[in-house]
Amino acid sequence: MLSRFDTLLTRIVILVVAAVLSTFILVFFIVQFQMSSRDEGPRDALHFAETALLELQSRDWPEGMSESELKQLKIDTYFIADFPLVGPSTGDHHDQLRARLGLSDETPLGVAMSGPGFDPDGKVRGPPRGGRPAGDGPQQMFPPGAGDRDRPLAKRDFNPQHGAVVSIGLDENRWVNLRTELVSMDSPRPSLLPMIVLIVLMIGIGIWAAVNAINPLRQMAKAANMLAADYKHEPLVEQGPSDVREALRAFNRMGRRLETTVAGQRQLLAAIGHDLRTPITSLKLKVEMLSDPNERERMSRALSELERITEAALAAATAGQSDEPFQPVDMHSLVDSLVEDLCDLGLAVTFEDTDARPIVMGRSDELTRALRNLVENAVRYGDTARVHLIERQGRAIVTIQDDGPGIPGDSLERVFEPLVRLEHSRNRETGGHGLGLHIAKNLIEAHDGRIELENALDGGLLATIILPLKTAA
């Protein structure tokens, strides 16, 4: 039931939703990290104060400390006087400090955080290290609860440093006063690591989804190219979303039916061609027995034409259907040998020698046959054939140009169809049977190549064969 909803569209929607949700979740954690980091400064200052007070308490509140001891405990000021730097008050920080120091509720305790105890210039209103305040003590004591609200707004909001000031009453006239060093409170910047993880995650999900969606289509495209080349169908694995599976299933049905149909037609054509050989041979024997020389010559020509058509039909039926494996083929040697053979037969064919030595994968017999058909066509309809070979952009390119009348533009593709002749240049007297180009096209396409025809600017027809080079192992 749920498989009906497993479509490519559904997967894309799920991918987008997952990407958005993961982004929100990661941003949430980044914001939480940033907010918690902002609160760490004051707690760090109080932690320094607690650590120092515990050490001083263990030493029974000494009257003074050396510079090295103050620096080690991260204390800026420590002294005992008859007045507090911070008046007694209450709050969460006070309860925490009482618990850590084991102070009773009756012990006077003053704590100022995030600015209380500092003047607008960032200095504590009190004496220098180890000394008394300038003036009488009570006049310099901060009122309970004094803090950022008593400071200028600009200084309160943008002061990048904070500290803790603590005053503990040992008795009525004896107070322990301590101020910590300033703690930097610059707004922490989120780490780049979460951002990098997010980007990598999104890219990874995108690549995975794209590959997962495209792979079946790539397999279909590859199978379609193979089917177009030799009409042999390799069944595809029907996997993926439901709509993709349905497309693969339909392609498999089409491939099987096309392969069966083409194979049946080829078998029928081959059987007819094969069966025609026996009566043709019998007729040839009977024609030789005719007493009239003219009649005998006329009948012999007709039988020869019928035999050529039969052989061409058999060749067309089996073009590209060999079970022989592909082997590396040196196109320069193949073309040079073919041109030499045709020249020995008296055909006007030339091959311009070149340094190009392209190697392709294929069957040398089939490639030779395809090239021979094109060269013989060029000589038949253009008197001469000029063959060139080059290597360009991973392709072996063979061009064959003649000096004939060319082909009308609207017939350049049609001439590849079987039994198609152009009446003004191709007739039975020239020996054309309309299957040479068709056979050549099938053979070249079976090698993953293609044939292009065009009328040359300087006259004649230009045929181009393009074959992929052998890839490096």
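Bear in mind the structure is a predicted one, so any value in this text is a computation, not a measurement.
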Quiz prompt | Separation of F416 CZ from N442 CG (nearest 0.5 Å) | solution = 10.5 Å
Practice problem: Verify the neighbour count for atom CZ of R256: are there more than 12 heavy atoms of other residues, nucleotides or ligands below 6.0 Å? | Solution: yes
Quiz item: Tell me, do E181 and L70 make a side-chain contact under 4.5 Å, heavy atoms counted?
Solution: no
Exercise. Keeping to residues at least two apart or across chains, list the side chain to side chain donor-acceptor pair (under 3.5 Å) pairs with something in residues 197-206.
Key: none
Quiz item: About how many Å separate CD of E454 and OG1 of T464, when rounded to the nearest 0.5 Å?
Solution: 5.5 Å
Quiz prompt | CD (E246) with more than 12 external heavy atoms under 6.0 Å | solution = yes
Quiz item: Within a strict 4.5 Å, meaning less than it, do heavy atoms of the L469 and I359 side chains meet?
Solution: no
Quiz prompt | E50 bridged to K74 by N-O distance under 4.0 Å | solution = no
Practice problem: May I ask you to test the T180-L73 pair for a side-chain heavy-atom distance under 4.5 Å? | Solution: no
Quiz item: Do V360 and L367 touch side chain to side chain, with heavy atoms closer than 4.5 Å?
Solution: yes
Quiz item: Rounded to the nearest 0.5 Å, what separation is found between the CD1 atom of I75 and the CD atom of E67?
Solution: 11.5 Å
Quiz item: Under a 4.5 Å cut-off applied to non-hydrogen side-chain atoms, are L461 and L412 in contact?
Solution: yes
Quiz prompt | Exceeds 12 heavy-atom contacts within 6.0 angstrom, atom CG of D458 | solution = yes
Quiz item: Would you call E69 and K71 a salt bridge, taking side-chain N to carboxylate O under 4.0 Å as the test?
Solution: no
Quiz item: Roughly how far, to the nearest 0.5 Å, is the OG atom of S364 from the CG atom of L338?
Solution: 11.5 Å
Practice problem: List the steps, then state whether side-chain hydrogen bond (donor to acceptor under 3.5 Å, both in side chains) holds for H332 with D353. | Solution: CA-CA 9 Å; H332 184 278; D353 198 8; 2.8 Å; yes
Practice problem: Taking only Lys NZ, Arg NE, NH1 and NH2, and the carboxylate oxygens of Asp or Glu, determine whether R386 and D402 approach each other closer than 4.0 Å. | Solution: no
Quiz prompt | Results of side-chain hydrogen bond (donor to acceptor under 3.5 Å, both in side chains) for E352 - residues two or more places apart only | solution = H388
Practice problem: Look up atom CG in L374 and atom NZ in K441, then write down how far apart they are to the nearest 0.5 Å. | Solution: 12.5 Å
Self-check item: Considering all heavy atoms, the nearest V329-G362 contact
Solution: CG2-O, 3.6 Å
Exercise. Output, in order, the C-alpha distance, side-chain angles, deciding distance and verdict of salt bridge (charged side-chain N to carboxylate O under 4.0 Å, His left out) for R174 and E63.
Key: CA-CA 11 Å; R174 195 161 177 260; E63 294 293 330; 3.2 Å; yes
Self-check item: Distance (rounded to the nearest 0.5 Å) between W61 CH2 and Y78 OH
Solution: 7.0 Å
Quiz item: How about R249: does its CZ atom have over 12 heavy atoms from other parts shown lying under 6.0 Å from it?
Solution: yes
